[in-house]
Amino acid sequence: MIISKSFFIYFYFVSDSSYIRLPLVKNNFSMSALKTVTIAIDGYSSTGKSTLAKALAEHFGYVYIDTGAMYRAVSLYFLKMNIDIHDQKAVERALDDISLEFKYVEDKQIIHLNDEPVEKFIRTKKINNIVSPVAKISAVRKKMVALQRLMSEGKSVVMDGRDIGTVVFPHADLKFFMTSDLAVRVKRRYDELESKGHDTTLREVEKNLLERDRIDSTRADSPLKQAKDAILIDNTRLTRSDQLQLLIKQVDELIA
Ligand code: DC
């Protein structure tokens, strides 16, 4: 408190134009000096969580963590190394050999698996088909949750996934839970796959989404569900900009 007050006075005397910028300085400076902010965004597959989380993090200068990318990178490793996901010992051994890191490459956050950038390989049909069974494995979840908490230490973060508000950060400052009509989600994922040159059909995408939602919501360990204190966002009829404004308003209120 004292630090932010003296900061106020300093700016007030330095120049008039700085005084105009004071609300911005007050939010950024006093919040970061006092406390970090944790924002959890959970929800169903292809509801646009990552796009929104990334934009929100960018707006406030927070760190963005795409936890889905982490489960996808683990799935890629298992696939490449021919790990039988039903063999618990083999899974545990493989997990010991995995290191995951987010690095910035040309301003884009890219997930690295054992120091290799793998973003290009983790959003394929093959990975879409195995990632939910992989994310069901408790040993995998335990390692990912620990890593997610470590990555967030001492930082203000926006993290998106399935269990962020319920398991990873049950005491997050703000929680959102996203959903939208199935047809909208199918079209969104279909467009994403098509734009990357993957050959698929709407029917195939729908089948995969429904199956992933089923596995994610019914697994024994940290199933996908809305946290009691999460704000529900049904974005069926909301533009990206509507959604972003809605979330910005909530964060503004939190840090005001
Ligand atoms: O958000 P996404 O589609 O990239 O996530 C891929 C899969 O990873 C999804 O089917 C469920 C799983 N996942 C999870 O179980 N927990 C998370 N925190 C994030 C993703």
Side-chain angles (χ1 to χ4, degrees), residues 38-54 57 64-79 85 91 95 98 100 102 109-111 113 118-152 157-170 172 175-180 182 184-193 196 198 200 205-227 230 233 235:
T38 307
I39 301 168
I41 305 185
D42 291 303
Y44 292 100
S45 298
S46 295
T47 45
K49 296 183 299 294
S50 303
T51 311
L52 186 60
K54 207 180 297 174
Y64 163 59
I65 300 174
D66 175 359
T67 62
M70 298 169 71
Y71 288 95
R72 285 172 180 273
V74 171
S75 305
L76 178 70
Y77 184 84
F78 286 178
L79 195 69
I85 65 168
V91 165
L95 283 171
I98 292 179
L100 293 178
F102 287 101
Q109 198 190 58
I110 305 287
I111 187 146
L113 166 65
V118 291
E119 181 61 43
K120 264 194 276 180
F121 312 110
I122 60 168
R123 306 200 190 265
T124 61
K125 266 201 289 181
K126 250 189 188 161
I127 299 294
N128 283 349
N129 288 334
I130 63 159
V131 64
S132 284
V134 168
K136 238 174 101 168
I137 306 169
S138 285
V140 172
R141 303 207 67 81
K142 200 169 157 209
K143 174 153 177 161
M144 293 306 105
V145 170
L147 208 51
Q148 287 151 15
R149 289 181 181 150
L150 199 70
M151 285 173 171
S152 313
V157 295
V158 182
M159 190 177 276
D160 83 292
R162 304 294 190 288
D163 59 341
I164 313 306
T166 50
V167 175
V168 184
F169 292 121
K175 300 180 188 177
F176 299 98
F177 189 87
M178 295 183 59
T179 183
S180 56
L182 180 64
V184 175
R185 298 197 285 132
V186 170
K187 182 76 171 67
R188 194 179 279 141
R189 180 67 72 175
Y190 174 82
D191 289 346
E192 184 193 333
L193 285 168
K196 288 180 183 156
H198 299 293
T200 189
V205 172
E206 180 180 298
K207 223 176 117 200
N208 174 258
L209 280 192
L210 286 173
E211 181 59 2
R212 282 209 287 141
D213 284 348
R214 187 190 66 76
I215 300 175
D216 295 343
S217 326
T218 57
R219 67 182 174 222
D221 190 342
S222 24
L224 164 68
K225 63 173 182 220
Q226 183 180 346
I233 304 209
N235 64 14

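Computed from a predicted structure; not experimentally measured. In listed order, ligands and their atoms are each counted from 1. Along the sequence shown, residues are numbered consecutively beginning with 1.
- At a heavy-atom cutoff of 4.0 Å, ligand 1 is surrounded by T67, G68, Y71, R72, V131, S132, A135, R141, G161, R162, D163, I164, R189, R212, D216, R219.
- Residues Y44 and F177 place their aromatic rings such that the two centres sit under 6.0 Å apart.
- R212 meets the salt bridge (charged side-chain N to carboxylate O under 4.0 Å, His left out) test with no other residue; sequence neighbours excluded.
- In this structure, R141 pairs ionically with D163, as a charged nitrogen and a carboxylate oxygen lie closer than 4.0 Å.
- With a 6.0 Å radius and a threshold of 12 heavy atoms from other residues, nucleotides or ligands, K120 has its NZ atom at or below the threshold.
- Taking a cutoff of 4.0 Å between a charged side-chain nitrogen and a carboxylate oxygen, K207 and D213 do not qualify as a salt bridge.
- A donor-acceptor pair under 3.5 Å links the side-chain atoms of K143 to the main chain of I98, judged by distance alone.
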